[in-house]
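For reference, the structure discussed in these notes is given below.
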There are 2 protein chains.
Amino acid sequence: MNIQPPRTRIQRKNTQAILEAALLVFSRHGFRGATLDQIAAAAGLSKPNLLYYFPSKEAVHVTLLSQLMDTWLDPLREMDPDGEPVEELLGYVSRKLQMSRDFPRESRLFANEILQGAPRMQEVLATDLRKLVDEKVTIIRGWAAAGKIADIDPHHLIFSIWALTQHYADFDVQVRAVLGEDRDPFAEAETFLRTLFTKLLRP
Amino acid sequence: MNIQPPRTRIQRKNTQAILEAALLVFSRHGFRGATLDQIAAAAGLSKPNLLYYFPSKEAVHVTLLSQLMDTWLDPLREMDPDGEPVEELLGYVSRKLQMSRDFPRESRLFANEILQGAPRMQEVLATDLRKLVDEKVTIIRGWAAAGKIADIDPHHLIFSIWALTQHYADFDVQVRAVLGEDRDPFAEAETFLRTLFTKLLRP
DNA sequence: CGTGATCTTGACCAGATGGTCAAAACAATA
DNA sequence: TATTGTTTTGACCATCTGGTCAAGATCACG
């Protein structure tokens with residue numbers, strides 16, 4: 001298998017196309033709901049050709065998830081312990097919301113996976129993600145102890161940021177159905193969330 | 001078909017068992033991920049027997065969704081225009097969170113459906129749900145105009161309640177993975193959300 | 001250009017899955 | 001208990017789907 005570093009130009013091009021197509025299809029239909037034919041078609045390949053690059057449907061899915069995990073957590077990683085606390089947190093909210101706007105398929109892919117009980121991610125969640133969160137929780141706790149922000153549970157603060165920002169990507173259909181056609185959910189969310197977290201964080 | 005009012009005792013018992021089993025399976029695996037055999041087994045029936053009560057897999061799913069829609073929106077309906085604004089809203093948050101704790105499968109069923117683009121619910125969302133929300137939005141707007149609560153966008157206030165409460169049901173696995181085993185997410189969420197919305201709503 | 005390596009595909013397979021059907025088992029009621 | 005309507009099931013079917021394979025097409029490079 002040519003999984004890790006695609007050697008030839010064609011390999012690079014096709015694995016890329018497959019992963020993009022898979023993102024599209026998996027995020028819309030979930031793992032079991034997606035078919036290899038769909039993915040192959042979306043990538044402009046035949047099914048056997050797709051299976052020339054990936055050993056199985058599962059392999060495509062796993063590759064996608066692990067590749068995405070990194071970029072997905074970047075906004076949280078960027079939170080600077082030495083920055084101005086409220087600005088750092090509001091910045092994080094803003095970046096996370098932009099990711100929801102710019103990469104809704106990625107958001108839905110993860111949502112799908114977690115909803116099904118995270119069968120292919122339990123590990124990563126309990127190790128990598130937990131470690132990163134714990135790190136940031138310590139920082140936030142420090143800010144609270146120093147009186148820079150209100151004294152609220154840092155874990156749930158982070159959950160609330162995830163919930164609120166991802167909601168606009170994952171439940172996009174619902175949001176638009178309720179809001180009507182003429183409004184821009186993400187633009188409104190930006191100001192709403194800024195207000196919300198400003199109030200919440202004020203000591 | 002014996003869909004609407006199950007006449008005999010056996011019919012009532014079996015349709016009930018099927019719907020409960022379907023809730024279990026659909027909420028865990030999504031529509032396409034669930035199989036009739038799984039559902040039938042969970043209901044203690046054979047597949048042909050299940051299909052004696054419902055004409056198709058889709059029919060089971062649709063019946064489930066529409067039956068659930070009602071109970072699902074009850075907490076919002078209960079919000080009383082004549083009550084004390086902050087208490088009404090905090091009460092709604094609390095009821096919604098309890099639904100997440102007590103009916104996580106229902107929550108995930110809806111989440112799954114919306115994630116896939118709500119193919120079987122577009123209608124209801126754009127009509128019933130939107131109407132109910134608009135109603136409550138008007139009430140909230142009135143409260144804000146009267147200076148009883150802060151002047152924030154009522155739509156996004158409702159979205160934030162949905163996002164924050166459902167997160168604890170839909171992303172349960174992630175929450176627990178990050179939080180560790182010894183904590184009680186829902187109990188903590190209750191106090192956290194009360195704090196959050198108290199701060200947010202204060203004029 | 002020739003040759004070996006890489007890439008692509010049509011045909012195919014086995015298992016799963018939604019759904020059918022006729023006949024058997026069962027319940028109710030007279 | 002006989003009769004009729006309801007419920008259950010084993011056997012079956014068509015289709016879909018993940019995956020295989022051998023043979024052909026294409027590419028890269030000496």
Side-chain angles (χ1 to χ4, degrees), chain A residues 1-65 112-113 116 119-120, chain B residues 1-65 112-113 116 119-120:
Chain A
M1 260 334 79
N2 310 307
I3 300 243
Q4 272 308 348
R7 294 154 213 287
T8 82
R9 181 175 39 90
I10 295 183
Q11 272 179 33
R12 209 162 3 237
K13 194 194 71 177
N14 282 345
T15 47
Q16 195 53 34
I18 291 170
L19 288 173
E20 252 163 58
L23 174 59
L24 190 77
V25 179
F26 280 138
S27 70
R28 190 64 69 182
H29 304 288
F31 180 73
R32 291 217 40 195
T35 77
L36 284 181
D37 281 301
Q38 274 178 300
I39 300 174
L45 300 173
S46 64
K47 184 171 63 175
N49 201 8
L50 184 157
L51 286 166
Y52 172 74
Y53 292 100
F54 290 87
S56 68
K57 183 183 179 182
E58 175 120 9
V60 179
H61 195 242
V62 168
T63 305
L64 245 196
L65 282 178
N112 254 307
E113 179 66 11
Q116 326 268 306
R120 293 160 242 274
Chain B
M1 261 333 81
N2 310 306
I3 299 241
Q4 271 308 350
R7 295 156 211 287
T8 83
R9 182 175 38 89
I10 297 183
Q11 273 180 33
R12 212 167 356 244
K13 196 194 71 181
N14 282 346
T15 46
Q16 195 52 35
I18 291 170
L19 288 174
E20 253 162 57
L23 174 59
L24 190 76
V25 179
F26 280 137
S27 71
R28 191 62 70 180
H29 303 288
F31 180 73
R32 289 218 41 194
T35 76
L36 284 180
D37 281 302
Q38 274 177 300
I39 299 174
L45 300 174
S46 65
K47 184 171 61 172
N49 200 8
L50 185 156
L51 286 166
Y52 171 74
Y53 292 100
F54 289 88
S56 70
K57 184 183 178 183
E58 175 120 9
V60 180
H61 195 242
V62 167
T63 305
L64 244 196
L65 282 179
N112 254 308
E113 179 66 11
Q116 326 267 307
R120 292 159 242 273

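Each chain gets a letter, A, B and so on, in the order the sequences are listed, and its residues count up from 1. Small disclaimer: the values here were computed from a predicted structure and weren't measured.
- Between R9(B) and the phosphate of dA28(C), there is a side-chain N or O to OP1/OP2 separation shorter than 4.0 Å.
- Regarding L51(A), its CG atom lies at a distance of 12 Å from the C1' atom of dT8(C), rounded to whole Å.
- In plain terms, the two heavy atoms of A43(B) and A17(B) that are nearest each other are CB-O, 3.7 Å.
- Summarising the geometry, the separation between CG on N49(B) and C1' on dG19(C) is reported as 14 Å, rounded to the nearest angstrom.
- dG15(C) atom P lies 16 Å from atom CG of D37(B), rounded to whole Å.
- The listed nucleotides are dA28(C), dT6(D), dG18(C); the one nearest the side chain of K47(B) is dG18(C).
- Taking only side-chain atoms of P48(B), from C-beta outward, the nucleotide of dC7(C), dG19(D), dG10(D) with the closest atom is dG10(D).
- Here dT20(C) presents its P atom at 11 Å from CG of L36(B), a figure rounded to the nearest Å.
- Here the shortest heavy-atom pairing between L45(A) and N14(A) reads CD2-OD1, 4.0 Å.
- Between the side chain of K57(B) and the base of dG19(C) there is no donor-acceptor pair of N/O atoms closer than 3.5 Å.
- The listed nucleotides are dT8(D), dT6(D), dT6(C); the one nearest the side chain of T8(A) is dT6(C).
- F31(A) and H61(A) have tilted rings, their planes meeting at an angle from 30° to 60° on a 0 to 90° scale.
- Residue N14(A) has no polar side-chain atom (N or O) positioned under 4.0 Å from OP1 or OP2 of dT6(C).
- Summarising the geometry, the separation between CZ on F26(B) and C1' on dT17(C) is reported as 13 Å, rounded to the nearest angstrom.
- The phosphate of dT6(C) has neither OP1 nor OP2 within less than 4.0 Å of any side-chain N or O from Q11(A).
- Both S56(B) and I10(B) lie close to DNA chain C; mapped to their nearest nucleotides by heavy-atom distance, the more 5′-ward contact belongs to S56(B).
- Nearest to the side chain of Y52(B), among dT17(C), dG18(C), dT8(D), sits dT8(D).
- Contact annotation: S46(B) side-chain N/O to dT9(D) OP1/OP2 distance is under 4.0 Å.
- In terms of heavy atoms, Q38(A) sits closest to G33(A) at OE1-O, 3.7 Å.
- Across the protein-nucleic acid pair, F54(B) atom CZ and dT20(C) atom C1' stand 19 Å apart, rounded to whole Å.
- One atom, NZ of K13(A), and another, P of dT26(D), lie 14 Å apart when rounded to the nearest Å.
- At a threshold of 4.0 angstrom between heavy atoms, the contacts of A40(A) with the nucleic acid are absent.
- Contact between F26(B) and N112(B) at its shortest, heavy atoms only, is O-ND2, 3.9 Å.
- Distance, L50(B) CG to dT17(C) C1': 13 Å, rounded to whole Å.
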